[in-house]
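The block underneath contains the structure these notes are about, expressed in C-alpha coordinates.
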Amino acid sequence: MSKDYEIQTLGVRAGQARTEFQEHSEALFLTSSFVFKDARQAAARFAGEDEGMVYTRYTNPTVSMLQDRLAALEGAESCVATASGMAAILATAMVHLKSGDHVVCSNAVFGATIQLFNNILGRFGVETTYVAPTRVDDWRRALRKNTRLFYLETPSNPLTEVSDIAALADISRKAGALLAVDNVFCTPALQRPLELGADLVVHSATKYLDGQGRVIAGAVAGPKALVGDPMTTFLRTAGPTLSPFNAWVVLKGLETLEIRMRAQSAAALELAAWLQSHPKVTRVYYPGLPSHPQHELARRQQRAAGAVLSFEVKGGREAAWRVLDSTRLVSLTANLGDVKTTIVHPASTTHGRISPEARAAAGITEGLIRLAVGLEAVADLKDDLTRGLEA
Ligand SMILES: Cc1ncc(COP(=O)(O)O)c(C=O)c1O
(Lines give C-alpha, C1' and ligand atoms only; values in the text may rest on other atoms or scores of the structure.)
Protein backbone atom coordinates (compact mmCIF):
# COMPACT_ATOMS: atom_id res chain seq x y z
CA MET A 1 0.00 0.00 0.00
CA SER A 2 1.27 3.49 -0.84
CA LYS A 3 3.41 5.10 1.86
CA ASP A 4 1.58 8.35 1.10
CA TYR A 5 -1.53 7.33 2.98
CA GLU A 6 -2.07 8.86 6.40
CA ILE A 7 -1.71 6.81 9.60
CA GLN A 8 -5.51 6.55 10.05
CA THR A 9 -5.89 5.04 6.58
CA LEU A 10 -2.96 2.66 6.99
CA GLY A 11 -4.37 1.40 10.30
CA VAL A 12 -7.67 0.50 8.65
CA ARG A 13 -6.50 -0.71 5.25
CA ALA A 14 -2.81 -1.60 4.98
CA GLY A 15 -1.81 -5.23 4.59
CA GLN A 16 -5.20 -6.71 3.80
CA ALA A 17 -5.03 -9.65 1.41
CA ARG A 18 -8.42 -11.05 0.30
CA THR A 19 -9.07 -14.68 -0.52
CA GLU A 20 -11.12 -15.82 -3.54
CA PHE A 21 -14.28 -15.27 -1.43
CA GLN A 22 -13.62 -11.52 -1.33
CA GLU A 23 -14.42 -11.23 2.37
CA HIS A 24 -14.63 -7.60 3.50
CA SER A 25 -13.10 -8.12 6.94
CA GLU A 26 -9.68 -9.78 7.28
CA ALA A 27 -9.89 -13.58 7.37
CA LEU A 28 -8.68 -15.58 10.35
CA PHE A 29 -6.64 -18.59 9.19
CA LEU A 30 -6.78 -20.90 12.20
CA THR A 31 -4.68 -23.65 10.73
CA SER A 32 -1.35 -25.09 11.73
CA SER A 33 -0.37 -26.22 8.24
CA PHE A 34 -1.15 -25.78 4.53
CA VAL A 35 -1.82 -28.35 1.82
CA PHE A 36 0.39 -28.65 -1.28
CA LYS A 37 -1.04 -29.15 -4.76
CA ASP A 38 1.50 -31.89 -5.52
CA ALA A 39 4.87 -33.25 -4.47
CA ARG A 40 6.69 -30.86 -6.79
CA GLN A 41 5.08 -27.86 -5.08
CA ALA A 42 5.88 -29.28 -1.63
CA ALA A 43 9.53 -29.63 -2.62
CA ALA A 44 9.60 -26.09 -4.06
CA ARG A 45 8.08 -24.63 -0.89
CA PHE A 46 10.58 -26.39 1.32
CA ALA A 47 13.43 -25.28 -0.93
CA GLY A 48 12.21 -21.68 -0.67
CA GLU A 49 11.68 -21.50 -4.46
CA ASP A 50 7.91 -21.05 -4.06
CA GLU A 51 6.73 -18.42 -1.56
CA GLY A 52 3.45 -20.12 -0.57
CA MET A 53 2.47 -21.22 2.91
CA VAL A 54 3.92 -24.32 4.60
CA TYR A 55 3.35 -24.27 8.35
CA THR A 56 2.11 -21.59 10.76
CA ARG A 57 5.38 -21.47 12.70
CA TYR A 58 6.87 -20.28 9.37
CA THR A 59 4.12 -18.11 7.88
CA ASN A 60 0.37 -17.65 8.14
CA PRO A 61 -1.78 -15.28 6.04
CA THR A 62 -3.41 -13.62 9.08
CA VAL A 63 -0.04 -13.09 10.77
CA SER A 64 1.36 -11.74 7.47
CA MET A 65 -1.50 -9.22 7.24
CA LEU A 66 -0.70 -7.96 10.73
CA GLN A 67 3.01 -7.75 9.90
CA ASP A 68 2.33 -5.79 6.70
CA ARG A 69 -0.09 -3.41 8.42
CA LEU A 70 2.30 -2.70 11.28
CA ALA A 71 5.23 -2.25 8.86
CA ALA A 72 3.16 0.34 6.97
CA LEU A 73 2.26 2.14 10.20
CA GLU A 74 5.88 2.28 11.38
CA GLY A 75 7.11 3.27 7.91
CA ALA A 76 9.23 0.10 7.94
CA GLU A 77 10.32 -2.14 5.09
CA SER A 78 9.45 -5.22 7.10
CA CYS A 79 7.95 -6.47 10.34
CA VAL A 80 7.81 -9.78 12.18
CA ALA A 81 5.14 -10.64 14.73
CA THR A 82 6.09 -12.54 17.87
CA ALA A 83 4.30 -14.42 20.64
CA SER A 84 4.74 -11.54 23.13
CA GLY A 85 6.55 -8.27 23.61
CA MET A 86 9.30 -10.11 25.49
CA ALA A 87 9.68 -12.52 22.55
CA ALA A 88 10.16 -9.46 20.31
CA ILE A 89 12.97 -8.18 22.55
CA LEU A 90 14.48 -11.67 22.74
CA ALA A 91 14.37 -12.02 18.93
CA THR A 92 16.09 -8.64 18.56
CA ALA A 93 18.86 -9.70 20.91
CA MET A 94 19.30 -13.22 19.50
CA VAL A 95 19.54 -11.98 15.94
CA HIS A 96 21.74 -8.94 16.50
CA LEU A 97 23.98 -9.88 19.45
CA LYS A 98 26.56 -12.56 20.08
CA SER A 99 28.84 -13.55 22.91
CA GLY A 100 31.32 -10.76 23.69
CA ASP A 101 28.98 -7.95 22.60
CA HIS A 102 28.04 -4.97 24.74
CA VAL A 103 24.64 -3.25 25.05
CA VAL A 104 23.87 0.25 26.32
CA CYS A 105 20.35 0.27 27.72
CA SER A 106 18.14 2.88 29.34
CA ASN A 107 17.89 2.32 33.09
CA ALA A 108 14.14 3.04 32.86
CA VAL A 109 13.02 0.12 30.67
CA PHE A 110 10.43 -2.53 31.55
CA GLY A 111 11.65 -4.72 34.44
CA ALA A 112 11.57 -7.99 32.47
CA THR A 113 13.75 -6.37 29.79
CA ILE A 114 16.44 -5.73 32.41
CA GLN A 115 16.10 -9.34 33.64
CA LEU A 116 16.45 -10.55 30.05
CA PHE A 117 19.62 -8.54 29.44
CA ASN A 118 21.19 -9.36 32.83
CA ASN A 119 20.06 -12.86 33.75
CA ILE A 120 19.61 -14.53 30.37
CA LEU A 121 21.80 -12.73 27.82
CA GLY A 122 24.41 -12.21 30.58
CA ARG A 123 24.83 -16.00 30.77
CA PHE A 124 25.69 -16.04 27.07
CA GLY A 125 28.44 -13.43 27.35
CA VAL A 126 26.49 -10.26 26.51
CA GLU A 127 27.23 -7.38 28.87
CA THR A 128 24.85 -4.47 29.46
CA THR A 129 25.49 -0.97 30.84
CA TYR A 130 22.50 1.04 32.08
CA VAL A 131 22.30 4.79 31.62
CA ALA A 132 19.73 7.54 32.19
CA PRO A 133 17.32 7.76 29.25
CA THR A 134 17.51 11.54 29.03
CA ARG A 135 21.29 12.09 29.40
CA VAL A 136 22.60 11.84 25.86
CA ASP A 137 26.25 12.29 26.91
CA ASP A 138 26.02 9.32 29.27
CA TRP A 139 25.14 7.09 26.29
CA ARG A 140 28.22 8.36 24.42
CA ARG A 141 30.42 7.79 27.48
CA ALA A 142 29.07 4.25 27.93
CA LEU A 143 30.20 3.22 24.43
CA ARG A 144 32.83 0.49 24.13
CA LYS A 145 34.58 -0.94 21.09
CA ASN A 146 32.21 -3.93 21.26
CA THR A 147 28.95 -1.96 21.73
CA ARG A 148 26.42 -3.36 19.26
CA LEU A 149 23.07 -2.17 20.55
CA PHE A 150 21.42 0.88 22.15
CA TYR A 151 18.07 -0.04 23.70
CA LEU A 152 15.42 2.30 25.14
CA GLU A 153 11.74 3.01 25.77
CA THR A 154 10.37 6.52 25.34
CA PRO A 155 8.44 7.87 27.18
CA SER A 156 9.62 5.74 30.09
CA ASN A 157 7.50 3.94 32.62
CA PRO A 158 6.30 5.23 35.10
CA LEU A 159 8.04 8.65 35.13
CA THR A 160 7.44 9.47 31.43
CA GLU A 161 11.04 10.58 30.75
CA VAL A 162 11.52 11.31 27.05
CA SER A 163 14.70 10.20 25.21
CA ASP A 164 16.04 12.13 22.24
CA ILE A 165 15.78 9.42 19.56
CA ALA A 166 17.50 11.41 16.79
CA ALA A 167 20.47 12.36 19.00
CA LEU A 168 20.95 8.79 20.25
CA ALA A 169 20.57 7.39 16.71
CA ASP A 170 23.38 9.68 15.61
CA ILE A 171 25.68 8.38 18.37
CA SER A 172 24.86 4.71 17.80
CA ARG A 173 25.24 5.00 14.01
CA LYS A 174 28.69 6.59 14.29
CA ALA A 175 29.70 3.84 16.73
CA GLY A 176 28.51 1.06 14.42
CA ALA A 177 25.76 0.01 16.84
CA LEU A 178 22.02 -0.41 16.24
CA LEU A 179 19.39 1.66 18.03
CA ALA A 180 16.25 -0.28 19.02
CA VAL A 181 13.30 1.68 20.40
CA ASP A 182 10.48 0.05 22.35
CA ASN A 183 7.54 2.08 20.97
CA VAL A 184 4.91 0.64 23.30
CA PHE A 185 3.87 3.88 24.99
CA CYS A 186 3.41 5.95 21.83
CA THR A 187 2.73 3.41 19.07
CA PRO A 188 3.25 4.56 15.46
CA ALA A 189 0.11 6.68 15.82
CA LEU A 190 2.12 9.12 17.95
CA GLN A 191 5.79 8.40 17.22
CA ARG A 192 7.71 6.81 14.35
CA PRO A 193 11.22 6.03 15.64
CA LEU A 194 12.54 4.82 12.26
CA GLU A 195 11.92 8.29 10.77
CA LEU A 196 13.98 9.74 13.62
CA GLY A 197 16.92 7.46 12.80
CA ALA A 198 16.29 4.35 14.90
CA ASP A 199 17.18 1.02 13.26
CA LEU A 200 14.57 -1.17 14.93
CA VAL A 201 11.18 -0.67 16.59
CA VAL A 202 10.05 -3.18 19.18
CA HIS A 203 6.45 -3.62 20.36
CA SER A 204 4.48 -5.31 23.04
CA ALA A 205 1.30 -5.46 20.93
CA THR A 206 -0.37 -6.59 24.16
CA LYS A 207 -0.71 -2.90 25.00
CA TYR A 208 -2.10 -0.16 22.72
CA LEU A 209 -1.86 -2.07 19.42
CA ASP A 210 -4.54 -4.47 20.64
CA GLY A 211 -5.90 -1.69 22.83
CA GLN A 212 -8.57 -3.71 24.55
CA GLY A 213 -6.59 -5.98 26.84
CA ARG A 214 -7.38 -9.22 25.04
CA VAL A 215 -4.17 -10.89 23.87
CA ILE A 216 -0.41 -11.18 24.42
CA ALA A 217 1.54 -10.31 21.27
CA GLY A 218 4.68 -8.58 20.05
CA ALA A 219 6.47 -7.35 16.95
CA VAL A 220 9.72 -5.93 15.58
CA ALA A 221 9.79 -3.54 12.61
CA GLY A 222 12.70 -2.22 10.55
CA PRO A 223 14.69 -2.77 7.34
CA LYS A 224 14.40 -6.16 5.64
CA ALA A 225 18.08 -6.86 6.17
CA LEU A 226 17.73 -6.41 9.95
CA VAL A 227 14.19 -7.73 10.52
CA GLY A 228 12.38 -9.61 7.74
CA ASP A 229 15.14 -11.97 6.66
CA PRO A 230 17.12 -12.78 9.82
CA MET A 231 14.25 -12.57 12.29
CA THR A 232 11.92 -14.72 10.23
CA THR A 233 14.66 -17.35 10.18
CA PHE A 234 15.11 -17.02 13.96
CA LEU A 235 11.38 -17.30 14.66
CA ARG A 236 11.00 -20.34 12.38
CA THR A 237 13.86 -22.07 14.10
CA ALA A 238 13.34 -21.03 17.71
CA GLY A 239 9.52 -20.91 17.64
CA PRO A 240 8.20 -17.77 19.42
CA THR A 241 5.83 -16.96 16.56
CA LEU A 242 2.45 -15.29 17.05
CA SER A 243 -0.73 -17.36 16.93
CA PRO A 244 -3.07 -16.44 14.03
CA PHE A 245 -5.92 -15.81 16.44
CA ASN A 246 -3.91 -13.27 18.42
CA ALA A 247 -2.67 -11.73 15.16
CA TRP A 248 -6.25 -11.31 13.99
CA VAL A 249 -7.27 -9.60 17.25
CA VAL A 250 -4.36 -7.13 17.01
CA LEU A 251 -5.05 -6.58 13.29
CA LYS A 252 -8.57 -5.46 14.17
CA GLY A 253 -7.19 -3.39 17.07
CA LEU A 254 -4.98 -1.46 14.65
CA GLU A 255 -8.07 -0.22 12.82
CA THR A 256 -8.93 2.03 15.78
CA LEU A 257 -5.35 2.71 16.93
CA GLU A 258 -5.03 6.31 15.76
CA ILE A 259 -8.39 7.46 17.06
CA ARG A 260 -7.84 5.68 20.39
CA MET A 261 -4.37 7.14 20.89
CA ARG A 262 -5.60 10.63 20.05
CA ALA A 263 -8.63 10.39 22.36
CA GLN A 264 -6.72 8.73 25.22
CA SER A 265 -3.90 11.30 24.95
CA ALA A 266 -6.42 14.15 25.07
CA ALA A 267 -8.06 12.64 28.16
CA ALA A 268 -4.63 12.11 29.81
CA LEU A 269 -3.70 15.75 29.16
CA GLU A 270 -6.94 16.96 30.73
CA LEU A 271 -6.45 14.73 33.78
CA ALA A 272 -2.77 15.72 34.11
CA ALA A 273 -3.66 19.42 34.16
CA TRP A 274 -6.43 18.79 36.69
CA LEU A 275 -4.14 16.72 38.95
CA GLN A 276 -1.42 19.37 38.76
CA SER A 277 -3.74 21.90 40.33
CA HIS A 278 -5.12 19.48 42.95
CA PRO A 279 -4.06 20.43 46.51
CA LYS A 280 -3.35 16.79 47.49
CA VAL A 281 -1.01 16.23 44.52
CA THR A 282 2.63 17.32 44.81
CA ARG A 283 3.87 16.45 41.33
CA VAL A 284 2.57 15.25 37.97
CA TYR A 285 4.71 13.47 35.38
CA TYR A 286 3.27 13.88 31.89
CA PRO A 287 5.16 15.00 28.75
CA GLY A 288 2.15 17.00 27.56
CA LEU A 289 2.48 19.46 30.46
CA PRO A 290 4.73 22.50 29.87
CA SER A 291 6.23 21.78 33.34
CA HIS A 292 7.65 18.43 32.10
CA PRO A 293 11.46 18.66 31.66
CA GLN A 294 11.32 17.20 28.12
CA HIS A 295 8.07 18.85 27.05
CA GLU A 296 9.65 20.55 24.01
CA LEU A 297 11.40 17.35 22.91
CA ALA A 298 8.14 15.40 23.24
CA ARG A 299 6.37 18.01 21.12
CA ARG A 300 9.03 17.62 18.44
CA GLN A 301 9.17 13.86 18.30
CA GLN A 302 5.60 12.82 19.22
CA ARG A 303 2.23 13.74 17.72
CA ALA A 304 0.64 13.72 21.19
CA ALA A 305 1.92 13.01 24.70
CA GLY A 306 0.37 9.56 25.16
CA ALA A 307 -2.06 8.06 27.64
CA VAL A 308 0.21 7.30 30.61
CA LEU A 309 0.81 9.75 33.43
CA SER A 310 2.08 9.48 36.97
CA PHE A 311 1.44 11.64 39.99
CA GLU A 312 2.63 11.93 43.55
CA VAL A 313 0.21 12.40 46.42
CA LYS A 314 0.89 13.95 49.83
CA GLY A 315 1.05 11.33 52.58
CA GLY A 316 3.19 8.60 50.97
CA ARG A 317 2.11 4.98 50.57
CA GLU A 318 -0.93 5.25 52.85
CA ALA A 319 -2.39 8.14 50.86
CA ALA A 320 -1.54 6.50 47.53
CA TRP A 321 -3.18 3.21 48.53
CA ARG A 322 -6.25 5.18 49.67
CA VAL A 323 -6.62 6.56 46.14
CA LEU A 324 -6.27 3.07 44.63
CA ASP A 325 -8.65 1.44 47.11
CA SER A 326 -11.32 4.13 46.69
CA THR A 327 -11.72 3.67 42.94
CA ARG A 328 -14.91 2.04 41.69
CA LEU A 329 -14.40 2.56 37.98
CA VAL A 330 -10.66 2.57 37.31
CA SER A 331 -9.12 -0.93 37.28
CA LEU A 332 -6.42 -1.77 39.79
CA THR A 333 -4.10 -3.74 37.51
CA ALA A 334 -0.46 -3.54 36.42
CA ASN A 335 -1.35 -3.69 32.71
CA LEU A 336 -1.73 -0.60 30.53
CA GLY A 337 -2.68 0.17 26.97
CA ASP A 338 -6.36 -0.56 27.38
CA VAL A 339 -9.49 1.51 26.69
CA LYS A 340 -10.29 0.81 30.36
CA THR A 341 -8.30 3.15 32.63
CA THR A 342 -5.84 1.31 34.87
CA ILE A 343 -4.09 2.40 38.07
CA VAL A 344 -1.09 0.99 39.91
CA HIS A 345 1.22 1.83 42.83
CA PRO A 346 4.68 1.22 41.31
CA ALA A 347 6.66 1.19 44.60
CA SER A 348 4.74 -1.84 45.93
CA THR A 349 4.15 -3.71 42.66
CA THR A 350 6.07 -3.21 39.38
CA HIS A 351 9.09 -1.77 41.23
CA GLY A 352 8.52 -3.66 44.49
CA ARG A 353 11.54 -5.98 44.14
CA ILE A 354 14.04 -3.12 43.90
CA SER A 355 15.69 -1.98 47.16
CA PRO A 356 14.06 1.09 48.77
CA GLU A 357 17.29 3.08 48.18
CA ALA A 358 17.45 2.22 44.47
CA ARG A 359 13.75 2.97 44.17
CA ALA A 360 14.14 6.37 45.78
CA ALA A 361 17.17 7.11 43.54
CA ALA A 362 15.05 6.24 40.50
CA GLY A 363 12.31 8.64 41.64
CA ILE A 364 9.76 5.92 42.41
CA THR A 365 8.46 7.39 45.66
CA GLU A 366 5.95 5.85 48.06
CA GLY A 367 3.34 8.44 47.05
CA LEU A 368 3.67 7.80 43.31
CA ILE A 369 0.65 6.50 41.35
CA ARG A 370 0.63 5.55 37.66
CA LEU A 371 -2.51 6.02 35.63
CA ALA A 372 -2.95 4.66 32.09
CA VAL A 373 -5.91 6.64 30.83
CA GLY A 374 -8.60 4.90 28.78
CA LEU A 375 -11.73 6.01 26.99
CA GLU A 376 -14.16 6.62 29.84
CA ALA A 377 -15.53 10.17 30.27
CA VAL A 378 -12.89 12.35 31.93
CA ALA A 379 -15.50 13.71 34.37
CA ASP A 380 -16.18 10.16 35.62
CA LEU A 381 -12.45 9.49 36.02
CA LYS A 382 -12.02 12.70 38.02
CA ASP A 383 -14.89 11.70 40.32
CA ASP A 384 -13.34 8.25 40.79
CA LEU A 385 -9.96 9.72 41.77
CA THR A 386 -11.43 12.53 43.87
CA ARG A 387 -13.02 10.01 46.26
CA GLY A 388 -9.58 8.75 47.35
CA LEU A 389 -7.72 12.04 47.07
CA GLU A 390 -10.15 13.79 49.37
CA ALA A 391 -10.82 10.94 51.79
C1 LIG B 1 7.28 -1.10 27.55
C2 LIG B 1 7.08 -2.57 27.56
N3 LIG B 1 7.82 -3.35 26.73
C4 LIG B 1 7.67 -4.69 26.71
C5 LIG B 1 6.76 -5.33 27.50
C6 LIG B 1 6.62 -6.83 27.44
O7 LIG B 1 5.50 -7.16 26.69
P8 LIG B 1 4.66 -8.53 26.83
O9 LIG B 1 4.00 -8.50 28.18
O10 LIG B 1 3.72 -8.47 25.68
O11 LIG B 1 5.63 -9.66 26.73
C12 LIG B 1 5.94 -4.57 28.35
C13 LIG B 1 4.93 -5.25 29.20
O14 LIG B 1 4.37 -4.66 30.11
C15 LIG B 1 6.10 -3.15 28.38
O16 LIG B 1 5.36 -2.37 29.19
Side-chain angles (χ1 to χ4, degrees), residues 85 110 153 155-160 183-187 189-190 203-216 249-250 253-254 256-278 280-281 283-289 292 298 302-313 317 319-351 364 367-391:
F110 183 53
E153 277 166 34
S156 70
N157 180 18
L159 296 179
T160 71
N183 202 20
V184 163
F185 274 53
C186 278
T187 81
L190 304 186
H203 275 289
S204 163
T206 313
K207 307 295 183 306
Y208 294 100
L209 300 186
D210 167 15
Q212 290 164 75
R214 297 167 293 192
V215 296
I216 301 285
V249 170
V250 178
L254 291 182
T256 55
L257 176 68
E258 201 277 342
I259 198 165
R260 282 188 281 108
M261 292 310 290
R262 201 148 30 95
Q264 290 178 233
S265 296
L269 179 61
E270 196 180 330
L271 276 172
W274 172 73
L275 286 165
Q276 200 172 33
S277 61
H278 197 286
K280 295 285 174 62
V281 174
R283 186 160 177 190
V284 179
Y285 298 85
Y286 184 63
L289 293 175
H292 188 282
Q302 300 176 205
R303 294 170 82 188
V308 178
L309 65 92
S310 291
F311 60 103
E312 245 164 40
V313 292
R317 178 177 293 213
W321 279 19
R322 205 157 44 233
V323 173
L324 268 63
D325 290 344
S326 304
T327 54
R328 292 179 196 154
L329 190 62
V330 171
S331 314
L332 181 46
T333 171
N335 200 23
L336 56 90
D338 201 305
V339 293
K340 293 181 170 69
T341 299
T342 63
I343 195 165
V344 74
H345 180 244
S348 57
T349 57
T350 51
H351 294 67
I364 314 290
L368 188 76
I369 295 172
R370 187 196 72 195
L371 201 63
V373 182
L375 283 180
E376 303 92 340
V378 174
D380 291 332
L381 294 174
K382 285 182 187 169
D383 285 349
D384 212 36
L385 295 171
T386 298
R387 201 175 306 110
L389 281 171
E390 295 182 359

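- The environment of CH2 in Trp274 is crowded: more than 12 heavy-atom neighbours from other residues, nucleotides or ligands sit within 6.0 Å.
- Evaluation of the salt bridge (Lys or Arg N to Asp or Glu O under 4.0 Å) test over residues 265-277, restricted to residues two or more places apart or in two chains, returns Glu270-Lys382.
- Every residue was checked against the ring-ring contact (aromatic ring centres under 6.0 Å, His included) condition with His351, not counting sequence neighbours, and none meets it.
- A search for side chain to side chain contact (heavy atoms under 4.5 Å, CB included) contacts involving Ser156 returns Ala108, Glu161, not counting sequence neighbours.
- Between Ser310 and Leu368, the closest heavy-atom pair is CB-CD1, 3.9 Å.
- With contacts defined as side-chain heavy-atom distances shorter than 4.5 Å, the pair Met261/Arg303 does not qualify.
- The side-chain heavy atoms of Asn157 and Leu336, taken from C-beta on, include a pair separated by under 4.5 Å.
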- Item | Verdict with supporting geometry, Leu332 and Asp325, side chain to side chain contact (heavy atoms under 4.5 Å, CB included) | CA-CA 8 Å; Leu332 181 46; Asp325 290 344; 4.3 Å; yes
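- Considering only residues two or more places apart in sequence or on other chains, Ala263 meets the side chain to side chain contact (heavy atoms under 4.5 Å, CB included) condition with Leu375.
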- Would Ser204 and Phe110 count as a side chain to side chain contact (heavy atoms under 4.5 Å, CB included) if you check the C-alpha gap in whole Å, the side-chain angles of each, and the deciding distance to 0.1 Å? CA-CA 11 Å; Ser204 163; Phe110 183 53; over 6 Å; no
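- Not counting sequence neighbours, the partners of Arg262 by the salt bridge (Lys or Arg N to Asp or Glu O under 4.0 Å) test are Glu258.
- Taking Ser265 as the reference, nothing meets the side chain to side chain donor-acceptor pair (under 3.5 Å) condition, with sequence neighbours excluded.
- The heavy-atom pair separating Gly288 from Leu269 by the smallest distance is O-CD1, 3.6 Å.
- Going from atom OH of Tyr285 over to atom CG of Leu159 covers 5.5 Å, rounded to the nearest 0.5 Å.
- Looking at every heavy atom in both residues, Gly374 comes nearest to Ala267 through O-CB, 4.3 Å.
- Every residue two or more places apart in sequence or in another chain that forms a side chain to side chain donor-acceptor pair (under 3.5 Å) with His203 is listed here: Glu74.
- Of all heavy-atom pairs between Thr327 and Val330, the closest is OG1-O, 3.6 Å.
- Residues Leu275 and Leu309 meet the side-chain proximity criterion, which asks for heavy atoms closer than 4.5 Å.
- Of all the heavy atoms in Ala347 and Ile364, the pair that sits closest is N-CG2, 3.8 Å.
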- Task: Quick one: do Ile343 and Val323 satisfy side chain to side chain contact (heavy atoms under 4.5 Å, CB included)? Show the steps, please.
- Result: CA-CA 9 Å; Ile343 195 165; Val323 173; 4.3 Å; yes
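- Using a 4.5 Å heavy-atom threshold, the side chains of Arg328 and Asp384 count as touching.
- Sequence neighbours left out, the pairs with a member in residues 205-216 that pass salt bridge (Lys or Arg N to Asp or Glu O under 4.0 Å) are Asp210-Arg214.
- Between Val339 and Thr256, every side-chain heavy-atom pair lies at or beyond the 4.5 Å cut-off.
- Between the CG atom in Leu271 and the CD atom in Gln264 there is a gap of 11.5 Å [rounded to 0.5 Å].
- In this structure Glu390 satisfies the side chain to side chain donor-acceptor pair (under 3.5 Å) test together with His278, sequence neighbours excluded.
- Put simply, the side chain of Arg260 never gets that close to the backbone of Gln212: no donor and acceptor are under 3.5 Å apart.
- Side-chain atoms of Arg370 do not come within 3.5 Å of backbone N or O of Val308 as any donor-acceptor pair.
- The CG atom of Leu385 lies 11.0 Å from the CG atom of Asp380; values are rounded to the nearest 0.5 Å.
- In terms of the salt bridge (Lys or Arg N to Asp or Glu O under 4.0 Å) criterion, Arg283 has no residue partners (sequence neighbours excluded).
- Here Ala334 pairs with Val344, Thr350 under the side chain to side chain contact (heavy atoms under 4.5 Å, CB included) rule; sequence neighbours left out.
- Under a 3.5 Å cut-off, the side chain of Thr187 and the backbone N or O of Tyr208 do not form any donor-acceptor pair.
- When atom types are taken as modelled, the side chain of Glu153 and the backbone of Phe185 share no donor-acceptor pair closer than 3.5 angstrom.
- Taking each heavy atom of Gln302 and Ala304 in turn, the nearest pair found is NE2-O, 2.9 Å.
- The side chain to side chain donor-acceptor pair (under 3.5 Å) contacts involving residues 329-343 comprise Thr341-Glu376, where partners must be two or more places apart or lie in separate chains.
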